[in-house]
Every structure is written in structure tokens, then in C-alpha cells.
4 protein chains.
Amino acid sequence: MSSSGSQAKAETHERILQAALACFKRKGYNHTTMDDIVAESGLSKGTLYWHFESKDDLLTAVFTSTFEAFGEDAISDIIYHETATEKLRAMAQGAADFSESLLGYFSLFIEFWISSERREETSHIWYDLLEQYQRVLAAIIEEGIQNGEFRPVDAESLAWAFLAAYDGLAAYAEFVPDIDLQRISQTFVDTILDGLQSDAGKTKP
Amino acid sequence: MSSSGSQAKAETHERILQAALACFKRKGYNHTTMDDIVAESGLSKGTLYWHFESKDDLLTAVFTSTFEAFGEDAISDIIYHETATEKLRAMAQGAADFSESLLGYFSLFIEFWISSERREETSHIWYDLLEQYQRVLAAIIEEGIQNGEFRPVDAESLAWAFLAAYDGLAAYAEFVPDIDLQRISQTFVDTILDGLQSDAGKTKP
Amino acid sequence: MSSSGSQAKAETHERILQAALACFKRKGYNHTTMDDIVAESGLSKGTLYWHFESKDDLLTAVFTSTFEAFGEDAISDIIYHETATEKLRAMAQGAADFSESLLGYFSLFIEFWISSERREETSHIWYDLLEQYQRVLAAIIEEGIQNGEFRPVDAESLAWAFLAAYDGLAAYAEFVPDIDLQRISQTFVDTILDGLQSDAGKTKP
Amino acid sequence: MSSSGSQAKAETHERILQAALACFKRKGYNHTTMDDIVAESGLSKGTLYWHFESKDDLLTAVFTSTFEAFGEDAISDIIYHETATEKLRAMAQGAADFSESLLGYFSLFIEFWISSERREETSHIWYDLLEQYQRVLAAIIEEGIQNGEFRPVDAESLAWAFLAAYDGLAAYAEFVPDIDLQRISQTFVDTILDGLQSDAGKTKP
DNA sequence: TATGAATGAGGTTTCATTCAT
DNA sequence: TATGAATGAAACCTCATTCAT
């Protein structure tokens, strides 16, 4: 007898999140007022505060739920590939897709980080996420080095740079018109792979 | 109230800018109040508004004056190098230094872009700046291809990815502890150059 | 949902009253929210409103039920005493005990009077109660004067002052640490009785 | 050049206090809103918060400034009297006048105590004030005992009861119509003095 | 130029009460 | 009877901006 009740609650919860996300995307976090979300959701202000403790809490929930929807199985496909080269390509494709899908959300995420009253905490969330990807990437490169696919490099460092490129591109997409992420990604990963596969260790000064 | 009036004015101006910068870096733009800046500067509220029209105006001024200090002759050194390889390395070094010096200012710049009531306008400033660098980079790569230093690649795309990596790293530096930008940059540019110099055109699928 | 429905109802009723009393004593009426009472009682908000019309109604009910428990037979013992002196002592003892038992409830009663939307009405309840005691006291003093135990005084006035002292002490008990009401009462009633029994009518200016 | 400015500030300060007091007396503390005080004072809400940190702070200031106006030289006159009897009479007169002048403020003071978020702190203010008076009273009685005016009693206890009577009467005055504080005080102090001066120590059981 | 008191629109949050289930 | 999600008026407070001195 309570199932329909708690389902209704979950629906309202979701409705608020979506209304908030819509407002945040439209006006940014700081310029969105609780009244905006009230108007967008068609609910009452009391209901917002029944479901979320504060505006900051709502922001965090929007961020978390939105972010969870992204890049969930970005990594999961990788296991299906055999060579490190193929795995790296798969990662690149995943990252490119991710960056592309981020369009419109990027500034929201940045603002989330900047505006949150728990900036440190938010930094941690991001760092944890980043580090996870960075470790997978570094492991792939390491694997390639081990099995002779790649020449020896500082896998850790290259992994950071690799990831950074995709996040940078996601940002650029917000204000560079007609940027072609897929093509850029293609060129980028080709060049990196060529570099890794070259037998020239003599490039360094 | 005497001879050096305009000099005193300039000093006050500067004092306000520095106080505002300190506050913005500490608390972000939105969380900084005019009273914070009053307290930080030791001046009065009226004086702030005598020198700057509004809080947004002050942000713009802080942004502009701070930004001017950055990356002034990042590009200028390049002409002293002869080969495209050396030029690319110089660009990488300049970008790494720039990203490193951005530490602490990065979120402010982002917030400037996000919070500004003239978001479109700001986007343009950034786009222009970015494009300028991107064109220089693409030209260098193009030059390398022309004179046989590099194998043929999509120079435009690679230039974007290259720049994006450094901006991404500048962001990471804000919340990844102990990240070594110089080392990462070194590994990155080495790998890219190896890739560009390799005679393998067979990597592409 | 069965036979003892009305008993269960009475139990819930009582449970709410006790939870409300606990909250009121802890935080005062105004600072107590219905949610506090919900938490304290372990019941639901709807149930509270099923049993009581409003927060004010609940306060009235708490006040009434609590007040009924106090000073029920404070006066009733008096008839067992023969002399006015003994009767006055008995009244003093009753008043002292009452004041002592009031500890912790005093501010609640005051707040009930102050916060009630029916302040006038509440004033009457209290006035009636007070006057009742005052009349009994005055009658005792009058009786003492009649039968020669006491010298002539303004019985009405003395009765007011006498009662006032005990109410004042009840208040003091709330914020004067280690006040000994019994001892104070003893000294007080002794002095008053000495004054009443003295044959000196020459003290007045 | 700043004297007129700071004088104007003090005037505004005072104006707010008086407006707040008027509102509090009319509606009680809890039912008074900042908007009420805005309307009553003719000032703006910002000005209220420029002068006082919070509603609670304003309440405290109103309380303090109002209380200071009361009973300032209630004690000071005492030194002009020679005998303990005369001093006690003077105290009684001062207390009666004080209680009388408290009419209309009493419930406000009580509400201040009850509603304050710093109830403990407020208790201290009152306790300190009370204890001060109690000590003076006890000293007078002690003095009377020493010089033979009074018979030996527990001066401490009697002082508490004496004070309590006047505070109780101040409360009664709020809801007992036509109570004659001066007359009651007269009868009360006469009886107490008679009791103190009587040579009968045999009253105790 | 400089000051700081004054302004008030607008923001977040609270909480007594209602009502569908 | 009981539940707890939903309501919304109303409260407190903030803060960019103005202006008399």
C-alpha cells in the first residue's frame, strides 16, 4: 500500500531534479532562484524543501544524478579489445563521445565546482573520477609497453595529458563554433599512437 | 587633495583591484561581497563605486588587468627557433609555464566567463585568444610537414588537441595534488613529436 | 482497528500530550515545531492534527492537563487546622511545595499566557485562580484578627503580597541556582506571623 | 564634520529601538516581524540590519536599553537613611515604584527571557541583577540585627522572599484589575518590620 | 575624492496546516 | 484512524547600489 506512495515520491523527486537542471542550464546556478525551479516544476516551494535540504543540496543532487548518467560504460567496453592499441582507440572514442555529450553541461559542472559551498569536497569527487580514468589509461599504456606494442614512456604522465586533452576539448566546444571533436580526436589518437609505436627514442634533446 | 591627485587616484585604483583579486581568488566572484572588498582594501564603499561602476565592472577590470600579466610574450620567442620541432617544443614550454602560472586563477577566469552578464562577449575574447594560438600552432605543424620534418597530418585538428591538453592540465592542477605539469608536458610533446616524425602512415585503420 | 479503539485513541492522545510537554519544556512553545513533536512522539503529522486542531489547541491541552495535576488539594488540608496561625502555616507549606513542583513548568505557563491567541481569556483563568487563593488567605487573616490571634491589618493587601512572594520565588527558582524554597518560606512565614502577632501598632510612620 | 554624522546615526539607532519597543509592547516579541518595525520606524529593512545584526540582537538591545532606564537609582537613595528600618522602608518604596512602572513591560521582559535564543545568557543577566538587590537587602537586615533594631533572622532568606513579593506583584498587576501596589507594599513592609522588631522568638514550632 | 549610513528588491528558508491515499 | 507528501504565506536576512555630507 505504500509502494504507490513512495513511487509518487520518487517521481516528484525526479521532477524537481529535471526542473532544476533545466533552470541551471538556462540561467546557470547562481542566477537560478528557487522560485524559478518552483515555476519550472509546477510544484510548491515547500515541496522543494521537503525533498532537498537546501539549494546547495539540490545542486549537488542535480550534479550527481546528471553526472552518473554520463560515461557510465565508457570503460566497460575496453575489455573486449585485445591489443593495447585497440584499447587506447576505444578509450579515445569513449572520451570523444563523452566530451561531445557534455556540450551544454560543461559550464554547469564548472559552476557547480566553483559555486559549491563545499568546494573542497567537490574537488574530491572530481579528482576521484579523474584518477580512476587516468589509472585505466596508464595501465593500458603500461600493458602496451610490456608486450612490445609501445616503446617505453612515462605512462602516468601521458595518461594525464591524454585525458586533459579531452576535457579541454569539451570546454572548447562551448565557445568554439563548428569544432569537430570526432575528427580532432581521430588525428590526436593517431599521432599519439604513432609516437608510441615509433622505434625512435632519439627525439629527446 | 593636492599635486599628485591623479597618481593617488591610480594608487587607489590599483589597491581596489588587488583587494578584489584577493577576495575573488579566496571566495570566488559570486561569494565575494562588496563589503568583503571594502574590508580587504581598507577603503570605503563609496570609494569603490567612485572608481568602478559596478561589481561586474570590477570583475572585468580585475580580469583584464590580471589577464594582461599572463602569457604576454609566450609566442614571441618562437621566431628565434629554426626547425618546426624546436618551435613546437618552445610552444609546449610556453604553454606549460602558462598553465602552471594559472594555478589559483583558473577558477576565477572560468567564473568570469560564467558569471559575466556578457557571457557571449566573453566567449569571443577567449575564442579570439585561443584561435590565435591555434593558428600559430597549426602553422608550425604545417611548416614541419612542408619541409619534411613531420609526416602529413591534419594540422588544424592536432593544434586544437594540443592546446586543449594544456588547458585541461591547467584545470587539473586546481584539484589534483602534486601534479607535475612540466614532466607531463615533456612526455606529451615527446610522444607527439615522435608521432609526427614517424614514417609510419599505416597506423590508421 | 478493533475492540479497544477508544482506549487506543486515548493512549495516542496522551502520548501526544507528553511529547508536546517534553518539547515545550525543552525549547519553549514558540521554538517548538510540530515536526519536533512528531519526532518526539514517534507519530505522524496527520495523527497530531487528527487529535488536536492546531498548535495553539495543543498548547492549551498541555497547559490544562498539566495544570490540573498541580495544587489540587493545596487548600483542602486547611480545614483540618484550628488556629489561623496554623492555617497560615499550612497555606505557606502548600504554596512552597507548589512553587517547588512548578520548577521547569514556570516558563511554560508564562509562555502559554503570553503566546496564546486568547491572552485575555487566559488572564481570566489565572486571575480567577489567584483570586480564589487570595480570598482564602484573606479570610484566614481576617479570622485571626477576629479571634485576637493577629493584630488588625489590611488582610486583603497582605494576602496579595503573601501569594506574590511565592509566585516570585517560583520564578526565581528557574534561574537562581541552589535557591532553598523551603527554608526561605519558613523564614518568611515566621516573620510575617511574628509581625501579625506583635502588639506593636506603633511602627507605622 | 563627523559629529553630525555620528549623531544622526545615534538618532536612527534610537528611533529603531523605540519603534521596536512600541511593536513589542503591542504585539509581543514573537508576533512582531521585522516588517512591523520597518513600518513603525519609517526606515528601511536594510537600515535595521545595518544597526543590528539580527532580530535577536535587536531584542537584546531593546531589553537592555529599556531595562537600564528602570530602577537606576532605586538603591542610591538608601544611603541617606540612618536606621535599618528606614532603609528597608526606602527599599520597599523603591521596589513598589519599580513594580508599578514595570506595568506593560513585564510580559515583554518575560518573553525576552523565554524567547531568546540565548536563554542561559539572559538568565545570567537577571540573576546578576537580582542577586545585587538581594545582597543589599540582606545587608540591611543584617545591619538591623547587629545594631539591635531587628531580632535575629535568616537575613539571606528573608531578602529573597521580600524581593520575590515585589516581582510577583509586578506580574499580578498585568492581569489583576485595580490592584493597589502602593497600599499592598505598605501593609507588607509594615508587617515584615513588625515581625522583625517583635521580641517574640517563640513563634517557631 | 572620500565616507558610510541608508535603501529595498529579491533571495533562501521555515513551518503550521491540508489532504489524497 | 493513520500517514507523510504537498502547500504557500510569511518570515528573516543579504547585498549591490545610492547619496547626503
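Within every chain, numbering begins at 1; the chains are lettered A, B, ... in the order of the sequence lines, protein sequences first and strands thereafter. The model shown is predicted, which means the values in this text are computed figures rather than measured ones.
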Closest to the side chain of B:K55, out of E:dT17, E:dT12, F:dA16, is F:dA16

Parallel, tilted or perpendicular: which describes the rings of A:H124 and A:Y127, with under 30° parallel and over 60° perpendicular? perpendicular

Taken to the nearest whole Å, NE2/C:H31 to C1'/E:dT14 is 12 Å

Has the side chain of A:K45 got a donor or acceptor atom sitting under 3.5 Å from an opposite partner on the base of E:dT13?
-> yes

Residue pair A:H51/B:D35 against DNA chain F: nearer the 5' end by closest nucleotide is A:H51

| query | According to a strict under-4.0 Å criterion, is D:T47 in side-chain N/O contact with OP1 or OP2 of E:dT7? | reply | yes

pair_partner(F:dA20), Watson-Crick or wobble, both distances < 3.5 Å, evaluates to E:dT3

Taken to the nearest whole Å, OH/A:Y49 to C1'/E:dA16 is 18 Å

Is the distance from OP1 or OP2 of F:dA6 to the nearest side-chain N or O of A:T12 less than 4.0 Å?
yes

**Message:** Under 3.5 Å, is there a donor on one side chain and an acceptor on the other for B:D36 and B:T33?
**Reply:** yes

Report yes if a side-chain nitrogen or oxygen of A:T33 is closer than 4.0 Å to either non-bridging phosphate oxygen (OP1 or OP2) of E:dG10; otherwise report no.
no

Q.
Once you measure the plane-to-plane angle for A:H13 and A:F52, does it fall in the parallel (<30°), tilted (30-60°) or perpendicular (>60°) bin?
A. tilted

Among the nucleotides E:dA2, E:dT12, E:dT17, whichever has the atom closest to the side chain of A:M34 is E:dT12

At under 4.0 Å between heavy atoms, what does A:S41 touch on the DNA or RNA strands: base, sugar-phosphate, or nothing? nothing

Per atom distances to the C:S44 side chain, the nearest of F:dA5, E:dG8, F:dT3 is F:dT3

Assign each of A:N30 and D:W50 the nucleotide of DNA chain E bearing its closest heavy atom; nearer the 5' end lies the nucleotide of D:W50

The answer to which of B:S54 and A:L48 contacts DNA chain F further toward the 5' end, by nearest nucleotide, is A:L48

Rounded to whole Å, the CZ-P distance (C:F52 to E:dA16) equals 15 Å

note: A:D57, atom CG; E:dT12, atom P; distance rounded to Å ~ 14 Å

Rounded to whole Å, CG of C:L58 lies from P of E:dA16 at a distance of 11 Å

To the nearest angstrom, the CG-C1' distance between D:L59 and F:dC12 comes to 15 Å

Taking a pair to mean Watson-Crick or G-U wobble geometry with both distances below 3.5 Å, F:dT14 pairs with E:dA9

Whole-Å distance, D:E53 CD to F:dC13 P, equals 10 Å

